[in-house]
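Below, chain A is the first sequence line, B the second, and so on; all start at residue 1.
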Amino acid sequence: MRRLGGIVTRLDRDGPTVYQPAEDSGLLAEAALETAHGRVLEVGTGSGWVAERIAAERGLRVVGSDRNPHAAREARGRGVEAVVADLLEPFRADAFDTVCFNPPYLPTDPENEWDDWMERALSGGESGRELIEPFLDDVGRVLAPDGVVLLLVSSLTGYEAVLALVEAAGFDHEVAVEESFPFETLSVLRLERRV
Amino acid sequence: MKESLMDVICCPLDKADLELDVDERDDEEILEGTLTCTECDEVYPIEDGIPNLLPPDMREEEEEAAA
């Protein structure tokens with residue numbers, strides 16, 4: 001869950017904030033520890049907590065990327081190999097066996113966007129799917145032939161609408177883990193290329 | 001960044017190979033340096049061990065915001 005009170009718990013020295021692990025991170029980590037194999041990329045790694053756990057507990061090589069340089073620094077501080085990047089843009093074709101993504105997913109009224117790093121970590125634009133769409137469009141490119149994608153989806157983001165995007169991008173899905181909270185249900189989808 | 005990161009990164013604009021120039025390294029990692037696209041010659045900085053591979057317009061936007 002993304003409760004604002006619980007999230008803005010920590011300020012970087014120079015002001016901007018980095019999204020700290022919450023229930024959604026825990027769920028993604030749970031799915032990733034079970035499923036991840038080979039070379040792993042975590043997109044939007046934030047604090048690096050999920051990437052660090054995959055590297056430590058599975059002994060895999062994990063790259064963590066984030067648009068927010070403060071997040072990349074925090075992730076690097078945890079020992080994660082960090083890159084500042086816009087989604088999947090600077091990654092090579094077929095480079096990763098596992099790609100994990102806990103996207104900014106809260107639907108946000110454009111009039112209410114507050115435009116700082118925490119807003120970017122949370123807001124999925126008006127639909128909540130503004131980053132999920134370009135991610136799904138491009139993830140097949142960076143994925144190795146037997147690769148798998150783990151995508152966290154909230155019911156707030158429109159579960160069916162995300163499934164339609166998954167279908168359109170040429171992936172089959174199954175639910176890896178799912179948990180209900182008072183205001184939303186979180187699912188981690190495991191995506192594989194449709195054969 | 002570790003030198004082995006070169007196996008998985010490319011230019012965000014045209015997906016071409018990058019060329020690594022190292023200014024400072026320790027035993028394990030490159031701490032300062034640049035990555036230059038072998039096609040479009042765009043230069044991406046490596047600072048404090050982290051490569052910034054944002055497309056140049058996004059990077060400039062952020063540098064302005066930080067200034």
Side-chain angles (χ1 to χ4, degrees), chain A residues 12-16 18 38-45 48 51 55 60-99 114-117 119-120 134 138 141-144 147, chain B:
Chain A
D12 256 25
R13 261 182 313 228
D14 32 0
V18 175
R39 223 185 236 170
V40 182
L41 171 67
E42 190 192 10
V43 177
T45 195
L60 297 172
R61 179 163 171 216
V62 186
V63 173
S65 82
D66 207 289
R67 254 208 72 170
N68 175 353
H70 305 279
R73 273 205 289 280
E74 192 165 323
R76 186 168 190 271
R78 288 180 190 265
V80 173
E81 241 185 299
V83 179
V84 179
D86 180 28
L87 293 173
L88 300 152
E89 294 297 345
F91 298 106
R92 285 177 189 263
D94 298 342
F96 296 99
D97 302 292
T98 309
V99 179
W114 59 101
D115 197 31
D116 63 14
W117 286 118
E119 193 262 318
R120 290 196 199 171
D138 201 22
R141 181 181 62 82
V142 305
L143 210 58
Chain B
M1 61 170 265
K2 296 190 181 119
E3 199 156 341
S4 58
L5 194 70
M6 296 303 291
D7 297 346
V8 297
I9 57 176
C10 60
C11 176
L13 300 176
D14 53 24
K15 317 299 180 203
D17 289 352
L18 297 166
E19 195 179 291
L20 171 67
D21 287 297
V22 179
D23 293 328
E24 190 191 337
R25 67 190 309 157
D26 64 13
D27 294 344
E28 288 178 1
E29 286 193 300
I30 295 133
L31 299 174
E32 304 289 330
T34 53
L35 294 158
T36 305
C37 179
T38 53
E39 282 291 327
C40 69
D41 292 329
E42 189 59 48
V43 179
Y44 303 92
I46 304 167
E47 289 165 353
D48 299 323
I50 301 172
N52 186 328
L53 289 166
L54 287 179
D57 54 333
M58 257 188 205
R59 191 175 70 225
E60 280 155 23
E61 223 172 84
E62 248 124 62
E63 279 161 3
E64 275 165 31

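- Between the side chain of A:D97 and the main chain of A:R39, a donor-acceptor pair closer than 3.5 Å is present.
- Residue contact with chain A, scored on non-hydrogen atoms closer than 4.5 Å, involves the backbone and the side chain of B:K2 alike.
- Of the charged side-chain nitrogens involved, none lies within less than 4.0 Å of a carboxylate oxygen, so that A:R76 and A:E81 do not count as a salt-bridged pair.
- Residue contact with chain B, scored on non-hydrogen atoms closer than 4.5 Å, involves the side chain of A:V63 exclusively.
- Between A:R92 and B:D17, at least one side-chain nitrogen of the basic residue sits less than 4.0 Å from a carboxylate oxygen of the acidic one, meeting the salt-bridge criterion.
- In terms of heavy-atom pairs under 4.5 angstrom with chain B, the leader among A:A95, A:A85, A:P90 is A:P90.
- A salt bridge is absent between B:K15 and B:E39; no separation between the charged side-chain nitrogens and carboxylate oxygens falls under 4.0 Å.
- Only the side chain of B:E29 comes within contact range of chain A, with at least one heavy atom under 4.5 Å from a heavy atom of that chain.
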